[in-house]
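Heads up, the thing below is written out as structure tokens.
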Amino acid sequence: MITTSATLKAHHHQLKLMGCGFTLTAVSADPQHAWDAIRAGVAEIDRIERLISSWRTDTFTHRINQQAGIAPVAVPNELYGLIHRSLKVSQLTFGAFDISGTVARDHWKFDGGEHPSLNAAEIAELKRVMGYRKIGLDEGKKTVFLKEKGMKIGFGGIGKGYAARRAMDVMRNLGIESGLVNASGDLMAWGSPPQGGDWAVMVRDPEHRETPLLTFGIPYGSVVTSGNDENYTVVEGRRLSHIVDPRTGWPVEALKCVSVLSPDPELGDALATAISVLGVRDGLDLINRLRGIEALVIDQHNQQYFSNHFNQFAHVSA
């Protein structure tokens, strides 16, 4: 049966997975087809959470953390690959992105309240248990070893992007030619909305959620947006992001918004974290050296900064 664009409809499903809100959208003229694909996408995200979660006690990631400084842990190829790619991004970003930085949440409180700063000894201890170079991989045995006792890894800066891409892959394999997977700001888009054209992406003001700072369209790819509206700490009157610079142990000065356009939301997720650490100038310098990756940064004063070719990849409409 040949369908026309007039028969197409976007079917949406919202739920909480991986500790955040997900929205899966499938465009199809057949509601049953759309919902079968959405359910498959949800199942894939749930599977990934059971593989990579550091909060659950029944995952390989938890086992790696429990064996820090003690022994290597053999892991499935999929998890090994994600960790290996994470370390590659760490090298690319001069250590600004680092999956071992998750341990900072055991030291800093990111509840939006005011807290005292860590002292020099506490910072030194935090730096001891962070650093991607302390994550040892054995490709032949597929083992992961955290070299310092007390180290931890976590995928808060890359896992949602990976899950979004995998959910898209599953849905496309089931014949969904257009859709969206939105993992609380990690957006993967393919195809077109029912009315045709590009998917519209709105960057909202973190302080005024109903106010758009910018709207642009993308035909395909991912947009990963991170902000400082929910998780932050106030230290000596300074509002600091929940993102900690793994090289210093200190939370970074919060940017209002970082959006990264990339063919792959996994990479975009990690780069958004890296830009938050590197800051506007160094972050955009990094992006401008990467082919096919673009970024938008909005500082605390609502000043907008774009990478060199942002407008070639996105149609800015507001």
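The analysis underlying the following values was restricted to heavy atoms, covering all of them including side chains, and did not include hydrogens, waters or symmetry mates.
Side-chain contact between Gln303 and Val280 is absent, with no heavy atoms from C-beta onward closer than 4.5 Å. Residues Trp108 and Leu126 have side chains in contact (heavy-atom distance under 4.5 Å, counting atoms from C-beta outward). In this structure, the side chains of Asp186 and Val224 come closer than 4.5 Å at one or more pairs of heavy atoms. Between Arg105 and His242 the shortest side-chain heavy-atom distance falls below 4.5 Å.
For Trp190, there are no ring-ring contact (aromatic ring centres under 6.0 Å, His included) partners at least two apart in sequence or on another chain. The side chain to side chain contact (heavy atoms under 4.5 Å, CB included) check on Thr273 picks up Phe97, Ile243, with sequence neighbours excluded. Glu44 meets the side chain to side chain contact (heavy atoms under 4.5 Å, CB included) test with Arg47, Ile48, Arg166, Val170; sequence neighbours excluded. Ser276 meets the side chain to side chain donor-acceptor pair (under 3.5 Å) test with no other residue; sequence neighbours excluded. In this structure Lys142 satisfies the side chain to side chain contact (heavy atoms under 4.5 Å, CB included) test together with Asn77, Tyr80, Glu139, sequence neighbours excluded.
Checking Asp98 against Ser100 by side-chain atom types alone, a donor-acceptor pair falls below 3.5 Å.
Of the listed residues (Ser307, Ser259, Ser262), just one forms a side-chain hydrogen bond (donor to acceptor under 3.5 Å, both in side chains) with Glu294, and that residue is Ser307.
Nearest heavy atom pair, residue Gly161 against residue Pro265, reads O-CG, 3.3 Å. Of all the heavy atoms in His107 and Leu118, the pair that sits closest is O-CD2, 3.6 Å. Summarising the geometry of Leu286 relative to Leu92, their closest heavy-atom pair is CD1-O, 3.7 Å, with the distance given to 0.1 Å. When every heavy atom of Ser117 is checked against every heavy atom of Val235, the shortest pair comes out as CB-CG1, 3.5 Å. Of all heavy-atom pairs spanning Arg247 and Phe94, the tightest one is CD-O, 3.4 Å.
Counting only residues at least two apart or on different chains, no ring-ring contact (aromatic ring centres under 6.0 Å, His included) pair has a member in residues 158-185.
Salt bridge absent: Asp169 and Arg172 never bring a charged side-chain N and a carboxylate O closer than 4.0 Å. Taking the charged nitrogens against the carboxylate oxygens, Asp111 and Lys109 have no contact shorter than 4.0 Å, which rules out a salt bridge. Ion pair Glu148/Lys134 not flagged as a salt bridge, since none of the NZ, NE, NH1 or NH2 atoms sits closer than 4.0 Å to an Asp/Glu carboxylate oxygen. Asp269 and Lys160 are not joined by a salt bridge, as no carboxylate oxygen comes within less than 4.0 angstrom of a charged side-chain nitrogen. Salt bridge annotation for Arg289-Asp285: absent, with no cationic side-chain nitrogen under 4.0 angstrom from a carboxylate oxygen.
In this structure, CD on Gln304 lies 10.5 Å from NZ on Lys256, to the nearest 0.5 angstrom.
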